[in-house]
Amino acid sequence: MVLDRVTDELISIFEDAMRVAVLTGAGISAESGVPTFRGGGGTDVWTWRGKHITELSSAELMATDPALVWEWFDYRRGMLKSVAPNAGHYALADWEKRFSPFTLITQNIDDLHRAAGSQNVLELHGNIWKARCLRCASVFDARESPLEKNPPTCMVCGAAARPDVVLFGELLPETVFERADKAAHQCDLFFVIGTSAVVYPAAGLPISAKQCGAKIIEVNPELTDISMMADYTILGKAGEVLPRFLRNRA
Ligand code: APR
């Protein structure tokens, strides 16, 4: 069912839910001024030096030109430094206080869910403010932007480090995905928010949840590949729609 607002029926489903899981994508950060990857909802798309993200954020380029990959991520870090969470991020932080278990699974590397106060965040694609050593695999905070040194070096062994994000051509961190998959299998209500749902294995999570009997609610200004199998699709912006689920905030 495609809707243009949060109905009383949806609020009842929300209030009756016991185990909730949420998958977010770039769209939830759009109202904070962060571009998306494939557009939709009138959003800007990430562009840099005329290169496509699948090339820039690739394991292949990391192997051949790591300094360029760092420049690309530092460009994004520079932009992200000045953005703040929006009402959509804050609504999910509120939901976390209401439900237990509540699992927030994000494809975003922008750290805005945490900045909004969310605690239990599964970052499927990593975090742009972290770096990982190429020798000892230590993960450390690398928040300075612009980068003082390219590449940044490991705080433990001094070797070169890479962005602690999942690049195209790489597998997701196993433990994080296992926890996300478990939450999808065990929830009774699964939200899909601000994602075009074309990148796997993340886009498979709502399908798993549906197969296990969960209700699927999608929030996106546009229909996506998931809309066909979602029980409800609310055509709207996350920052406007999500706060409406908590009745006393309508
Ligand atoms: N609220 C909710 N959804 C929105 C909003 C908004 N305000 N504005 C846009 N959207 C929707 C768009 O309609 C689109 O469907 O957000 C979606 C963004 O899709 P993508 O740009 O494809 O981003 P995402 O699905 O997160 O991409 C998945 O692909 O490039 C890789 O690693 C990258 O994590 C990313 C993954």
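Both counts, for ligands and for their atoms, begin at 1 and track the order of listing. One-based numbering along the sequence shown.
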Participant: Please go through L235's hydrophobic cluster and name the other residues, only I, L, V, M, F, W, Y counting, with side-chain heavy atoms under 4.5 Å joining them.
Facilitator: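 Same cluster as L235: V2, L223.
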Participant: With ring centroids as reference points, do F245 and F191 lie under 6.0 angstrom apart?
Facilitator: yes
Participant: One pair per line, please: each N/O atom of ligand 1 matched with every protein N/O atom under 3.5 Å away, atom names first, then the distance to 0.1 Å.
Facilitator:
residue: ligand 1; atom: 1 (N); partner: A238; partner atom: N; Å: 2.9
residue: ligand 1; atom: 7 (N); partner: E31; partner atom: OE1; Å: 2.8
residue: ligand 1; atom: 13 (O); partner: N220; partner atom: OD1; Å: 2.7
residue: ligand 1; atom: 15 (O); partner: N220; partner atom: ND2; Å: 2.9
residue: ligand 1; atom: 16 (O); partner: G194; partner atom: O; Å: 3.3
residue: ligand 1; atom: 19 (O); partner: S196; partner atom: N; Å: 3.4
residue: ligand 1; atom: 21 (O); partner: F37; partner atom: N; Å: 2.7
residue: ligand 1; atom: 21 (O); partner: R38; partner atom: N; Å: 2.8
residue: ligand 1; atom: 22 (O); partner: R38; partner atom: NH1; Å: 2.6
residue: ligand 1; atom: 22 (O); partner: S196; partner atom: OG; Å: 2.6
residue: ligand 1; atom: 25 (O); partner: T195; partner atom: OG1; Å: 2.6
residue: ligand 1; atom: 25 (O); partner: S196; partner atom: N; Å: 3.0
residue: ligand 1; atom: 25 (O); partner: S196; partner atom: OG; Å: 3.4
residue: ligand 1; atom: 26 (O); partner: A26; partner atom: N; Å: 2.8
residue: ligand 1; atom: 27 (O); partner: R38; partner atom: NH1; Å: 3.0
residue: ligand 1; atom: 29 (O); partner: R38; partner atom: NH1; Å: 3.2
residue: ligand 1; atom: 29 (O); partner: R38; partner atom: NH2; Å: 3.0
residue: ligand 1; atom: 30 (O); partner: R38; partner atom: NH2; Å: 3.1
residue: ligand 1; atom: 34 (O); partner: Q107; partner atom: O; Å: 3.2
residue: ligand 1; atom: 34 (O); partner: H125; partner atom: ND1; Å: 2.9

Participant: Using a 6.0 Å distance limit plus a 45 degree cone around the ring axis, check whether R76 lies over the aromatic ring of W46.
Facilitator: yes
Participant: Are more than 12 heavy atoms, taken from residues, nucleotides or ligands other than R98, located less than 6.0 Å from that residue's CZ atom?
Facilitator: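 Buried by this count: over 12 neighbours within 6.0 Å.
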Participant: Can you list every ring-ring contact (aromatic ring centres under 6.0 Å, His included) pair that touches residues 136-182, not counting sequence neighbours?
Facilitator: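 Listed by first then second residue: nothing to list.
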Participant: Holding to side-chain hydrogen bond (donor to acceptor under 3.5 Å, both in side chains), I want the full list of residues that pass it with T153, two or more places apart in sequence or in another chain.
Facilitator: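 By the side-chain hydrogen bond (donor to acceptor under 3.5 Å, both in side chains) rule, T153 matches K149.
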